[in-house]
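Inspection log for the structure reproduced underneath, given as structure tokens.
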2 protein chains.
Amino acid sequence: MKWQNLGETPCSIARSLAIVGDRWTILILRNAFLRTRRFDDFQQQLSITRHLLASRLAKLVKLGVLAKVPYQEKPPRYEYLLTEMGRDWYSVQLALVAWGDKWLAGTEGPPVEYVHRNCGKKFTPTVSCSECGETINPREITPIANRMRLPSDISLTVDAKTK
Amino acid sequence: MKWQNLGETPCSIARSLAIVGDRWTILILRNAFLRTRRFDDFQQQLSITRHLLASRLAKLVKLGVLAKVPYQEKPPRYEYLLTEMGRDWYSVQLALVAWGDKWLAGTEGPPVEYVHRNCGKKFTPTVSCSECGETINPREITPIANRMRLPSDISLTVDAKTK
DNA sequence: TTTGATAAGTTCTATTTTGGAACTTACTAT
DNA sequence: ATAGTAAGTTCCAAAATAGAACTTATCAAA
């Protein structure tokens, strides 16, 4: 599989990875959500090379995740703002944070906590069913292939024994 | 920033990326959730080089995401099974699928749909608040740094104008 | 009017990572 | 004896990345 083709395969994971499938891109988006907008700020905060940053930002703009917006004309200067598509990435970021908090935080607890202002409480981001609201358990999900060919043919179960 | 250090920074996103921050690893986990367990099956399904597959599997085993379990003794053969930590990754995967379905599926609709057997319906994975159950909107979240230094100092707002 | 600073990149070379293919080891089956 | 299977390892060429310096455009200060 070549990375150029990845975005064209009938799999939403593969397609997403074609955009955000490298570590720098995800860190750039993390900082965008923390209100970083300018080239040099990203560069200094992340210690990313300028070359890579330029190419990642250009890609995110091309694909519609960020918008490059002028903030002054003389000399021309731009900032990178999250689009609606970019803002929607927040769900994935929160899910990633929740996983890291649970499995990688060690004894010190999570590096960042989140308050949901609507209810005023610190919370754990939870992936739930849009229809019944229940928290998702992988064992209770059946994937149905529309156009993607699944490696095996059937439903997802996680701990099944070798036949 | 060097990748070796990424796992040690006080940020759950960075730490998670130290494990799953490359595209192959995420595709390996995708297929693991579709019941693939053996080296050659992963290799053929993904068209990944054997060398990379071996190194990615070893890393996932070392970090506790997969378990390498013998399934026969003569000759010794192993399969790679998701651990609890690995199964928990499913939340992130679903969030990623939901994002890809929404923004990258085009007119054909999602390549795979998911049924929540508990309620019997096709659903969209939704990230919600563990405390009040509401769907999360990034504008309603305030991150609180415990040990991570935030680039700016304050709360997250996505579309604020340049000052 | 030279010097310095700032922002947003681009260019250059060295190093690291990845891709592709063949090879190895330890069995089993014909 | 030959072929097949599973799980890797080895080798080399090609691609991506890191690190540092350089460029362009403008403003501000000395």
Side-chain angles (χ1 to χ4, degrees), chain A residues 1-7 9 14 17-28 31-32 35-62 66-81 151 162-163, chain B residues 1-7 9 14 17-28 31-32 35-62 66-81 151 162-163:
Chain A
M1 191 183 304
K2 284 163 188 166
W3 291 124
Q4 300 92 302
N5 311 336
L6 193 63
T9 64
L17 290 179
I19 298 181
V20 294
D22 74 287
R23 302 189 255 207
W24 283 127
T25 298
I26 292 174
L27 292 176
I28 288 167
N31 284 32
R35 306 221 270 169
T36 300
R37 306 202 221 322
R38 297 190 185 172
F39 191 93
D40 279 17
D41 291 337
F42 281 112
Q43 200 271 316
Q44 284 159 35
Q45 289 162 20
L46 297 174
S47 303
I48 187 178
T49 61
R50 306 181 72 76
H51 180 75
L52 256 196
L53 177 60
S55 83
R56 292 292 184 267
L57 288 174
K59 183 175 181 183
L60 287 170
V61 168
K62 189 178 81 181
L66 296 178
K68 185 176 181 175
V69 178
Y71 69 88
Q72 73 175 36
E73 300 216 328
K74 291 180 296 187
R77 292 286 179 268
Y78 305 93
E79 55 188 9
Y80 296 89
L81 303 179
T162 313
K163 57 164 178 266
Chain B
M1 192 182 303
K2 285 165 190 165
W3 291 124
Q4 302 91 302
N5 310 335
L6 194 62
T9 64
L17 291 179
I19 299 180
V20 293
D22 75 287
R23 303 189 252 205
W24 283 127
T25 298
I26 292 174
L27 292 176
I28 289 168
N31 284 32
R35 309 220 268 169
T36 300
R37 309 202 214 331
R38 296 189 186 172
F39 191 92
D40 279 16
D41 291 337
F42 281 113
Q43 200 270 315
Q44 284 158 34
Q45 290 163 18
L46 297 174
S47 303
I48 186 178
T49 60
R50 306 180 73 77
H51 179 74
L52 257 194
L53 177 60
S55 83
R56 293 292 184 268
L57 287 174
K59 183 175 180 183
L60 287 170
V61 168
K62 190 178 79 180
L66 297 178
K68 185 176 183 176
V69 178
Y71 69 88
Q72 73 176 34
E73 301 215 329
K74 291 179 296 183
R77 291 287 180 265
Y78 305 93
E79 54 188 9
Y80 295 90
L81 302 178
T162 314
K163 58 162 177 269

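Proteins come first, then strands; the chains are lettered A, B, ... in the order of their sequence lines, and each starts at number 1.
For the pair B:Gln45 CD and D:dA6 C1', the interatomic distance rounds to 15 Å; values are reported in whole Å. Between the CD atom of B:Gln43 and the P atom of C:dA21 there is a distance of 11 Å, rounded to whole Å. Across the protein-nucleic acid pair, A:Leu57 atom CG and C:dA7 atom P stand 16 Å apart, rounded to whole Å. Between A:Leu27 atom CG and D:dA18 atom P the separation is 11 Å, expressed in whole Å. Rounded to whole Å, the distance from CZ on B:Phe39 to C1' on C:dA26 is 16 Å. One can place CZ of A:Arg23 at 13 Å from C1' of D:dA16, the figure rounded to the nearest angstrom. Atom CZ of B:Arg56 and atom C1' of C:dG19 are 12 Å apart (whole Å). To the nearest angstrom, C1' of D:dA7 lies 13 Å from CD of B:Glu79.
When each of B:Gln44 and B:Ala54 is assigned the nucleotide of DNA chain D bearing its nearest heavy atom, the one mapping closer to the 5' terminus is B:Gln44. Residue B:Asp40 is the one, among B:His51 and B:Asp40, whose nearest nucleotide of DNA chain D lies closer to the 5' end (criterion: closest heavy atom).
Remark: A:Arg56 fails to qualify as a cation-pi partner of A:Phe42 under the 6.0 Å distance and 45° angle criteria applied to the six-membered ring.
Residue A:Leu52 has its side chain nearest to D:dT17 when only C:dG19, C:dG9, D:dT17 are considered.
A close approach under 4.0 Å does not occur between any side-chain nitrogen or oxygen of B:Trp24 and OP1 or OP2 of C:dT18. For C:dA7, neither phosphate oxygen OP1 nor OP2 lies less than 4.0 angstrom from any side-chain nitrogen or oxygen of A:Tyr80. When the side-chain nitrogen and oxygen atoms of B:Tyr71 are compared with OP1 and OP2 of D:dA7, one or more of them lie within a distance under 4.0 Å.
With hydrogens and angles ignored, the 3.5 Å screen pairs no side-chain donor or acceptor of B:Arg77 with any backbone N or O of B:Pro75.
B:Lys62 pairs by the side-chain contact (heavy atoms from CB on, under 4.5 Å) definition with nothing, not counting sequence neighbours. Scored by the salt bridge (charged side-chain N to carboxylate O under 4.0 Å, His left out) test, A:Asp41 finds no partners at all (sequence neighbours excluded).
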What does nucleotides 21-26 of chain D look like as a protein-contact string, B for base, S for sugar-phosphate only, - for none, at under 4.0 angstrom between heavy atoms?
-> B---BS
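The local environment of CD in A:Gln72 is crowded, with over 12 non-hydrogen atoms from other residues, nucleotides or ligands closer than 6.0 Å.
A side-chain donor-acceptor contact under 3.5 Å links B:Gln43 and B:Arg50.
B:Thr9 and B:Leu6 make their closest contact through OG1-O, 3.0 Å (heavy atoms, listed as atom of the first residue, atom of the second, distance).
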